[in-house]
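For reference, the structure discussed in these notes is given below.
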Amino acid sequence: MKTVITFGTFDLFHIGHLRILERAAKYGDKLIVGISTDKLNFSKKGFNPVFPQEDRRDIIASLSFVDKTFFEESLEMKGEYIKEHKADILVMGSDWAGKFDEYKSICEVVYLPRTTGISTTQVKQKVIEMEKFHFSEL
Ligand code: CTP
């Protein structure tokens with residue numbers, strides 16, 4: 001029985017999020033997802049996600065292949081979360097390649113390639129561009 005753990009903000013849930021979670025689930029028998037809190041995102045990026053943490057958590061928790069979710073309050077606590085949830089494998093997107101190698105002493109660490117052509121940032125930019133186009137047409 002292998003437990004996989006992964007982390008992310010998963011704001012404006014999109015196909016890249018779905019794909020990485022699907023692939024992460026296949027690495028074990030149980031998938032646990034740490035959802036970055038609004039506070040953690042604000043401290044990292046200087047702005048809040050569009051969707052509040054409870055909504056982001058509920059969307060992820062509704063996926064059939066996600067067994068458990070929790071809030072990730074701090075980036076530095078990854079090791080504690082891995083131990084607390086008895087995770088055997090940490091899966092992260094390739095944007096984090098090499099950044100979590102320190103956890104190789106407590107679990108297997110796997111970096112998966114990102115889905116190309118989409119990110120939350122790109123979705124936000126696209127909506128802004130569409131709005132600009134829409135209003136320029138009026
Ligand atoms: N992810 C992915 N493919 C994408 C976008 C995200 O595999 N096209 C993965 C990330 O590598 C990460 C997880 O999804 O493991 C959560 O990523 P997150 O940072 O929440 O999403 P992004 O779309 O990358 O958000 P942002 O644009 O704000 O960085």
Side-chain angles (χ1 to χ4, degrees):
M1 181 86 178
K2 289 221 166 188
T3 300
V4 180
I5 194 166
T6 190
F7 297 85
T9 304
F10 303 101
D11 192 23
L12 301 177
F13 190 78
H14 59 68
I15 195 72
H17 295 151
L18 180 64
R19 295 291 178 241
I20 197 152
L21 292 172
E22 276 174 342
R23 285 180 291 157
K26 289 186 180 140
Y27 275 78
D29 309 288
K30 192 175 166 190
L31 177 62
I32 302 182
V33 185
I35 314 289
S36 305
T37 59
D38 295 339
K39 208 170 152 190
L40 174 57
N41 272 274
F42 192 87
S43 70
K44 247 184 353 187
K45 300 181 177 173
F47 55 85
N48 278 317
V50 177
F51 294 157
Q53 61 193 40
E54 290 77 14
D55 293 9
R56 293 184 284 109
R57 188 263 325 270
D58 288 354
I59 290 167
I60 302 294
S62 76
L63 297 169
S64 58
F65 47 84
V66 171
D67 296 284
K68 195 174 175 184
T69 57
F70 67 94
F71 287 125
E72 179 192 24
E73 312 262 358
S74 157
L75 293 179
E76 288 72 42
M77 282 170 63
K78 278 211 171 50
E80 285 154 59
Y81 293 131
I82 291 166
K83 286 182 202 155
E84 183 187 333
H85 295 284
K86 299 184 172 55
D88 302 289
I89 309 165
L90 168 64
V91 171
M92 295 298 297
S94 51
D95 43 330
W96 296 100
K99 299 214 174 81
F100 297 110
D101 287 355
E102 63 186 283
Y103 302 116
K104 283 182 176 169
S105 56
I106 53 170
C107 67
E108 193 184 328
V109 179
V110 174
Y111 302 101
L112 296 179
R114 282 167 68 90
T115 302
T116 53
I118 190 154
S119 69
T120 299
T121 308
Q122 276 175 268
V123 172
K124 284 194 232 171
Q125 277 161 357
K126 193 167 177 183
V127 171
I128 292 167
E129 290 307 316
M130 287 170 81
E131 285 297 300
K132 273 194 218 153
F133 178 74
H134 176 72
F135 286 114
S136 71
E137 289 290 292
L138 295 176

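First listed ligand is number 1; within each ligand, the first listed atom is number 1. Note: hydrogens, waters and symmetry copies are ignored here, and every other heavy atom, side chains too, is used.
For residues 117-127, the set of pairs meeting the salt bridge (Lys or Arg N to Asp or Glu O under 4.0 Å) definition, not counting sequence neighbours, is empty. Residue pairs satisfying the salt bridge (Lys or Arg N to Asp or Glu O under 4.0 Å) criterion with at least one member in residues 102-118, sequence neighbours excluded, are listed as follows: D95-R114, D101-K104.
Salt-bridge annotation for R57 and E54: absent, with no side-chain N of the basic residue lying under 4.0 Å from a carboxylate O of the acidic one.
Sorted by chain and number, the residues within 4.0 Å of ligand 1 by heavy atom are T9, F10, H14, G16, H17, I20, K45, G93, D95, R114, T115, I118, S119, T120, T121.
Geometric assessment of K78 against the ring of Y103 yields a negative cation-pi assignment under the 6.0 Å and 45° thresholds.
Cluster partners of F47 are absent, since no Ile, Leu, Val, Met, Phe, Trp or Tyr has side-chain heavy atoms less than 4.5 Å from it.
I35 pairs with exactly one of D38, V33, T37 by the side chain to side chain contact (heavy atoms under 4.5 Å, CB included) rule, that one being V33.
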